[in-house]
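One structure below.
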Amino acid sequence: MRRKWFILAAALLLMMVMGASPVFAKTVLKLGTSTQPTHIYNQAAEYFGKLVADRTGGDIEVQVFPASQLGSERDMVEGLQLGTLEMTLTSTGPMGNFVPQVKLFNLPFLFKDRESCYRVLDGEIGTQIADRFPAVGIRSLGWFENGFRNITNSKRPINTPEDMAGLKIRVMEDDVFILTMKALGASPLPMAFGELYTALEQKTVDAQENPLAVIHSSRFFEVQKHLAMTGHFYSPAVLLISDIAWKTLSPEQQKILTEAAAEARDYERQISLKADQELEAACAREGMEVTNPDKAPFAAAVASVYTEPSVVKAIGGGDAEAGQK
Ligand code: PAF
């Protein structure tokens, strides 16, 4: 017992000598993303972390780990369920495997513009879907933005759906994306984002699709010649926290996180819009040949995805297994 007191006193003395304040209550929330440090997710995550640190007087520290350091988007969501990771900012790409109804947001050509996306995501539908998350061990702190997705490839300019024929294209790991690319006549290959640059470089795949902010920050212009502004999916993102971590926070801390997340979401949507306005030209400056195809024939070619039985079942209230086929 005496020995214990002695060690504690020595530790306090050491902290005082070294100028450190003896703060025991600090909570660290690790937040993982899949994208490069300069990407909008990480700018928003840092912004969120700063708000949280300021408003909790430094009691909560958000540590951001970009570039798939903590695993793929799907791995990170599983980490939240297990309690091995506290937070992630992820696209909805893998989310249908956890809450099948999220697939609704993955449908091609669902939204015509950002305003309609925000109305749905921040309104009743977005709230009802997010309310399903705690049942699988995660909580949403808000719908963020990945953005409208465009196609890049190393083979040829894309102007019509026919130009997609036979292209080996990497897609996110969900059947909605696979079905969409099949409907366009391409050969989809589901793959974690962390493996994508190498797959494009080594020509294991010819093509990929992502928002401009991802294409530019990942330097895909180094390995892809053609960029087609198809905007075929609006890709939402979601800021998630592990239910295990959430329950360790006080109601006051939970309120601070919720409010900071709403501000970080608005900030991220602004920088995402700015990225869309600036990065088409920036990709062209890096040597990409950009096409702006008429979207109507693409939308018509993928209409069948909306009536695909596995998709209808998942969105209409099926279980998670429906999402894994
Ligand atoms: O293509 C993907 O997997 C996603 O769009 C990405 C880049 C990980 C961002 O969420």
Side-chain angles (χ1 to χ4, degrees), residues 31-45 64-80 85 87-98 102-103 105-108 110-111 117 121 138 140 142-153 168-178 180-181 186 188-200 204-221 223-224 227-228 230-240 264-265 268-269 271-272 275-276 279 283 323:
L31 188 164
T33 76
S34 278
T35 52
Q36 291 303 309
T38 53
H39 180 251
I40 55 171
Y41 283 1
N42 301 308
Q43 294 181 46
V64 181
F65 293 85
S68 308
Q69 286 175 65
L70 305 182
S72 68
E73 290 194 324
R74 186 168 175 163
D75 294 338
M76 289 190 277
V77 179
E78 283 168 2
L80 301 190
L85 174 65
M87 296 190 76
T88 185
L89 178 51
T90 174
S91 71
T92 51
M95 293 306 297
N97 296 299
F98 301 91
V102 177
K103 284 170 189 276
F105 300 141
N106 294 343
L107 285 169
L110 180 66
F111 296 110
C117 305
L121 291 168
I138 53 184
S140 164
W143 296 105
F144 283 54
E145 176 158 292
N146 189 10
F148 283 98
R149 301 177 79 92
N150 304 297
I151 299 169
T152 70
N153 84 94
K168 276 187 278 160
I169 185 164
R170 175 269 175 179
V171 290
M172 294 191 287
E173 297 166 88
D174 182 293
D175 61 346
V176 175
F177 309 122
I178 297 172
T180 302
M181 287 302 149
L189 199 74
M191 184 187 288
F193 183 72
E195 297 161 31
L196 179 56
Y197 186 95
T198 308
L200 294 170
T204 319
V205 290
D206 309 313
Q208 68 85 42
E209 44 81 56
N210 252 302
L212 288 171
V214 173
I215 293 170
H216 195 263
S217 61
S218 307
R219 302 183 68 81
F220 287 159
F221 47 77
V223 286
Q224 299 274 271
L227 165 62
T230 45
H232 51 283
F233 297 121
Y234 172 76
S235 184
V238 59
L239 181 64
L240 297 173
R265 175 204 63 200
E268 198 240 10
R269 286 177 179 174
I271 56 175
S272 174
D276 262 357
L279 295 181
C283 287

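Bear in mind that the values here come from a model prediction, so they are computed numbers and not experimental data. Both counts, for ligands and for their atoms, begin at 1 and track the order of listing.
Below 4.0 Å from some heavy atom of Tyr41 lie the following atoms of ligand 1, by number and element: 9 (C), 10 (O). Atoms of ligand 1 found under 4.0 Å from any heavy atom of Ser91 (numbered from 1 in listed order, with element): 10 (O). Distances below 4.0 Å separate heavy atoms of Val214 from the following atoms of ligand 1: 7 (C). Numbered from 1 in the order shown, with element, the atoms of ligand 1 that lie under 4.0 Å from a heavy atom of Met172 read 1 (O), 2 (C), 3 (O), 4 (C), 5 (O).
Residues Thr35 and Pro66 share a closest heavy-atom pair of O-CB, 3.4 Å. The two residues Pro190 and Glu173 make their nearest non-hydrogen contact at CB-CG, 4.0 Å.
Among protein heavy atoms, atom 5 (O) of ligand 1 sits closest to Asn210 OD1, 2.7 Å.
A salt bridge links Arg149 to Glu209: one of the charged nitrogens lies within less than 4.0 Å of a carboxylate oxygen.
Using a 4.0 Å cutoff on heavy atoms, Asn146 counts as a contact of ligand 1.
Here the two rings, on Phe148 and Phe111, have centers that are 6.0 Å apart or farther.
For the pair Phe105 and Tyr234, the minimum side-chain heavy-atom distance is 4.5 Å or more.
The backbone N or O of Ala213 lies less than 3.5 Å from a partner atom in the side chain of Ser217, making a donor-acceptor pair. Side chain of Glu73 to backbone of Ser91: a donor-acceptor contact under 3.5 angstrom is found.
Distances from atom 3 (O) of ligand 1 to the heavy atoms of Arg170, Glu73, Met191 put Arg170 nearest.
Contacts of Gln208 with ligand 1, taken as heavy-atom pairs under 4.0 Å, are absent altogether. Contacts between Ser34 and ligand 1, counted as non-hydrogen atom pairs separated by less than 4.0 Å, involve the side chain only.
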